[in-house]
There are 2 protein chains.
Amino acid sequence: MSKKYFKPMSFSITEENYIKAIFHLQQEEGTVSTNDLASVLSTRAASVTDMLKKLKTKKLLSYEKYKGVRLTSEGKKLALAIVRKHRLWEYFLVNKLQFGWDEVHEVAEELEHITSRKLVEKLDAFLGFPRFDPHGDPIPDSHGKMLVQQQINLIDLPVNKTAEVCAVGSQSTELLELLRHKNIGIGTKLEIKKKFSFDHSIEIRVRNQPAFTISQQLAQALFVKTV
Amino acid sequence: MSKKYFKPMSFSITEENYIKAIFHLQQEEGTVSTNDLASVLSTRAASVTDMLKKLKTKKLLSYEKYKGVRLTSEGKKLALAIVRKHRLWEYFLVNKLQFGWDEVHEVAEELEHITSRKLVEKLDAFLGFPRFDPHGDPIPDSHGKMLVQQQINLIDLPVNKTAEVCAVGSQSTELLELLRHKNIGIGTKLEIKKKFSFDHSIEIRVRNQPAFTISQQLAQALFVKTV
DNA sequence: TAATAAATTTAGATTTGTCTAAAAAATATT
DNA sequence: AATATTTTTTAGACAAATCTAAATTTATTA
Ligand SMILES: [Mn+2]
Ligand SMILES: [Mn+2]
Ligand SMILES: [Mn+2]
Ligand SMILES: [Mn+2]
């Protein structure tokens, strides 16, 4: 009886970047548009159309002209494998190599395409099987499963309820620079002392330090879990 | 007064692989032939010619039709940076992730193309600034300098003189498999008990274990330094 | 519903890296 | 020196990924 051998299909870095981008976009809207993809990948709609046709023949996504695109389960599997690598490497860079959490994204963007399966598993073990990356995003395990943290937007946290920052809503240098300056990071415990309805700014207190005010925009970029 | 900004030219993975291959080949013969390059890069002579023309315009090498090729100092600098990354990653894989020394070459072949300067320097520090990779090859420092170990071929070691294995002459799986079976690695201390002129095999003794014989081919693939 | 605007796809080029087959140059052999 | 062999280069083509400009489809608005 002969076992069937699946040739472990491999994909170009470009193809992987498309798959990952579709994966992230379809978290929000179920189906992803050509223009949105072109925008996040910094390319042109025409190029996206070409690539979608190709990825369709590789059975990574379902696509009909003018109807947008969704990943197949094969495509999701690939996306999760890339996300897993991306976040494991970010964890490595911050926790082993002492990178700042705002410096790791670009590097991980390259490292996520290293193909060795064994490398990923050994790296995971070396890091102690972390479940969240330095930005608070969950790291898929080797089967593609990831924990969903029940997190709420800081703006929705009730006054005087202690909570812990567990994720950020963006990874822009600008946001991370601001957080560094205010000394807020993943794991920071805080509570809201007052909400101002005029500009929706909020006054928060971290540990036993004096309270200070943060803007609506900043509060919306922070996710917390109550503790 | 305006400082001159050098755009940090960047090169494709293919270009980097060419530069590294030329670097290694020109260690032996001063100038490198089109055919030799085609052979080590598993490509065709015609492709090599095309690439040499391109790399010449990028000033990484000097090349005249039919005359072979040499790296410029720019080219050497790039080659050393790639070799540095390759060997640092190999060290990481073996000493931090518990890879076998015969499993790391392929993975390092990919990792050596990750571009972040900061990553290399932080990795180097994390590893404790190692000077030799798991195969005994020297790791260039951040300025491209590397230690030259005064090493001799095992076949030339005098009888009864204790020496330490410090490098292997090839990284073929076959060789590394044999070494693993015989329990010989970088750092193994041994001495020659007898040389047989019939087939140039030699009898060696490792530590206090019983002596055993190794072939001429194996002896020639091992480099030692006397201790 | 008809006209207009926006999103998407096609057509046709371009760049990079590769290939085969044929021509040209350098070496080796008689 | 003439011939044969090997090495290297050129010529022409191809696949991947991209682009601009034009055509087409879908969505919006009057
Ligand atoms: Mn990427
Ligand atoms: Mn992250
Ligand atoms: Mn390589
Ligand atoms: Mn090595």
Side-chain angles (χ1 to χ4, degrees), chain A residues 7 9-22 25-26 28-71 75 78-79 82 109-110 112-113 115, chain B residues 7 9-22 25-26 28-71 75 78-79 82 109-110 112-113 115:
Chain A
K7 47 181 170 295
M9 226 236 283
S10 84
F11 303 96
S12 73
I13 291 177
T14 308
E15 288 170 332
E16 291 194 349
N17 283 334
Y18 269 87
I19 293 298
K20 196 180 62 154
I22 296 166
L25 285 172
Q26 82 177 17
E28 275 135 48
E29 309 159 74
T31 156
V32 178
S33 77
T34 303
N35 262 355
D36 285 357
L37 264 175
S39 160
V40 308
L41 291 171
S42 306
T43 185
R44 298 302 184 146
S47 309
V48 172
T49 301
D50 288 345
M51 183 58 88
L52 293 183
K53 285 192 218 155
K54 186 168 46 140
L55 294 176
K56 182 182 178 167
T57 73
K58 298 197 177 186
K59 301 200 191 300
L60 292 174
L61 45 81
S62 58
Y63 163 67
E64 301 299 331
K65 273 196 195 186
Y66 296 103
K67 296 290 181 62
V69 69
R70 315 171 80 99
L71 296 182
L78 176 57
I82 302 165
E109 206 56 47
E110 289 184 54
E112 71 190 359
H113 304 290
T115 51
Chain B
K7 46 180 170 295
M9 237 251 261
S10 86
F11 303 96
S12 73
I13 291 177
T14 308
E15 289 170 331
E16 291 195 348
N17 283 335
Y18 269 87
I19 292 298
K20 196 179 65 155
I22 296 166
L25 285 173
Q26 81 177 15
E28 276 136 46
E29 310 160 73
T31 157
V32 177
S33 76
T34 304
N35 261 357
D36 285 357
L37 264 174
S39 161
V40 308
L41 291 171
S42 306
T43 185
R44 297 303 183 145
S47 309
V48 173
T49 301
D50 288 345
M51 183 57 89
L52 293 183
K53 284 191 216 156
K54 184 167 50 141
L55 293 176
K56 181 181 179 169
T57 74
K58 298 198 177 185
K59 301 203 190 299
L60 292 175
L61 46 81
S62 58
Y63 163 66
E64 299 300 330
K65 272 193 192 188
Y66 295 104
K67 294 292 183 59
V69 69
R70 318 171 79 99
L71 296 181
L78 175 58
I82 302 165
E109 206 57 45
E110 289 184 53
E112 71 190 358
H113 303 289
T115 51

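All values below come from the heavy atoms of this structure, side chains included, with hydrogens, waters and symmetry mates left out. In what follows, chains carry the letters A, B, and so on, assigned in the order in which the sequence lines appear, proteins first and then strands, with residues in each chain numbered from 1. Because the structure is predicted, anything quoted here is derived from the model rather than measured.
- Rounded to whole Å, atom P of D:dT9 lies 11 Å from atom CD of B:Glu64.
- C:dC19 atom P lies 11 Å from atom CE of B:Met51, rounded to whole Å.
- Of all the heavy atoms in A:Ala38 and A:Arg44, the pair that sits closest is CB-C, 3.8 Å.
- The separation between B:Arg44 atom CZ and C:dA22 atom P is 15 Å, rounded to whole Å.
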Quiz item: Under the side-chain contact (heavy atoms from CB on, under 4.5 Å) criterion, do A:Leu60 and A:Phe11 qualify, and how do the steps go?
Solution: CA-CA 11 Å; A:Leu60 292 174; A:Phe11 303 96; 3.5 Å; yes

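- The NZ atom of B:Lys53 sits 14 Å away from the P atom of C:dT18 (whole-angstrom rounding).
- The closest side-chain heavy-atom distance from B:Asp36 to B:Glu29 is below 4.5 Å.
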I'd like a table of atom pairs between the protein and nucleotides 4-8 of chain D - only N or O on both sides, under 3.5 Å - with the distance next to each one.
from	atom 1	to	atom 2	distance (Å)
D:dT8	OP2	B:Asn35	N	2.8
D:dT8	OP2	B:Asn35	ND2	3.4

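- Minimum atom distance to the side chain of B:Ala46 is reached by C:dC19, of the listed D:dT18, C:dC19, C:dT18.
- Atom CG of B:Leu37 and atom C1' of D:dT9 are 15 Å apart (whole Å).
- Atom CG in B:Leu52 sits about 11 Å away from atom P in D:dT10, given to the nearest Å.
- Remark: B:Thr43 is in phosphate contact with C:dC19, judged by side-chain N or O atoms under 4.0 Å from OP1 or OP2.
- Rounded to an integer number of Å, the gap from A:Asp50 CG to C:dA11 P is 11 Å.
- Looking at heavy atoms from C-beta onward, A:Leu71 lies out of side-chain contact with A:Leu78 at the 4.5 angstrom threshold.
- Put simply, the side chain of A:Lys56 does not reach to within 4.5 Å of the side chain of A:Val69, judged on heavy atoms.
- Using a 4.5 Å heavy-atom cutoff, the side chains of B:Tyr63 and B:Val32 are not in contact.
- For B:Lys56 and D:dT9, the NZ to P distance is 11 Å, given to the nearest whole Å.
- For the atom pair CD (B:Glu109) and CG (B:Asn17), the distance works out to 5.5 Å, reported to the nearest 0.5 Å.
- Within 4.0 Å (heavy atoms only), A:Ser47 reaches at least one base atom of the nucleic acid.
- OP1 or OP2 of D:dA16 has not a single side-chain nitrogen or oxygen of A:Tyr18 nearer than 4.0 Å.
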